[in-house]
Amino acid sequence: MSNTADLPASVREPLATALHEARDAVRSGDVETAHNRLNTVSRILRAKVPPGLTHDRLVHGVAAVERTAAEEPLVASEYLRAMTSIVETTEQSS
């Protein structure tokens with residue numbers, strides 16, 4: 001389970017929005033938009049999220065989606081769903 005200290009409240013909404021948009025893009029076959037949203041997620045992670053379990057899980061997820069978005073969109077979509085769940089679960093538990 002995520003630790004609320006791992007994910008500052010100020011970044012939860014922008015992360016969730018970017019992840020939802022990336023998932024929508026992957027599901028519609030728009031890999032370019034998905035990668036753009038992943039770049040947003042990566043920038044937020046680098047600038048605003050301290051090292052820890054949540055950070056590591058999200059970084060791993062970004063890398064996995066980047067690898068799979070074009071050739072395995074169902075896998076990429078599932079990674080994005082899981083990442084969104086991490087962000088939203090953290091939000092609900094604070």
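Sequence positions, counted from 1, serve as the residue numbers for this chain. Given the structure is predicted, the values throughout are model-derived calculations rather than measurements.
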Query raised in the report: Would you say the side chain of V75 lies within less than 4.5 Å of the side chain of R67, judging by non-hydrogen atoms?
Result: no
Report summary line: For A22 and A34 the tightest heavy-atom approach is O-CB, 3.9 Å
Report task. Would you mind listing every salt bridge (charged side-chain N to carboxylate O under 4.0 Å, His left out) that reaches into residues 70-81, with sequence neighbours excluded? Result -> E78-R81
Report summary line: Here the pair of heavy atoms bringing A69 nearest to H35 is CB-NE2, 4.2 Å
Report summary line: Taking every heavy atom of A18 against every heavy atom of T40, the minimum-distance pair comes out as CB-CG2, 4.2 Å
Query raised in the report: Is a side-chain N or O of R57 found less than 3.5 angstrom from the main chain of I86, in a donor-acceptor match?
Result: no
Query - Note, V49 side chain near L58 side chain (heavy atom, < 4.5 Å) - result: no
Query raised in the report: Does any pair with a residue in residues 30-44 pass salt bridge (charged side-chain N to carboxylate O under 4.0 Å, His left out), and if so which ones, sequence neighbours excluded?
Result: E21-R37
Query raised in the report: So do the side chains of V87 and V11 get within less than 4.5 Å of each other, counting heavy atoms only?
Result: no
Query raised in the report: Within a strict 4.5 Å, meaning less than it, do heavy atoms of the L7 and R12 side chains meet?
Result: yes
Query raised in the report: Taking it one step at a time, do L38 and E66 satisfy side-chain contact (heavy atoms from CB on, under 4.5 Å)?
Result: CA-CA 8 Å; L38 289 173; E66 287 174 343; 3.7 Å; yes
Report summary line: All heavy atoms of Y79 vs all of G61, minimum pair found to be CD2-CA, 4.2 Å
Query raised in the report: What's the spacing between L80 CG and S85 OG if we round to 0.5 Å?
Result: 12.5 Å
Query raised in the report: If every non-hydrogen atom of P14 is compared with every non-hydrogen atom of I44, which pair is closest and at what distance?
Result: CB-CD1, 3.8 Å
Report summary line: d(H20 NE2, M83 CE) to nearest 0.5 Å is 11.5 Å
**Report entry** Partners meeting side-chain hydrogen bond (donor to acceptor under 3.5 Å, both in side chains) with H60 (sequence neighbours left out)
**Finding:** none
Query raised in the report: What's the shortest heavy-atom distance between P73 and V26, and which atoms?
Result: O-CG1, 3.3 Å
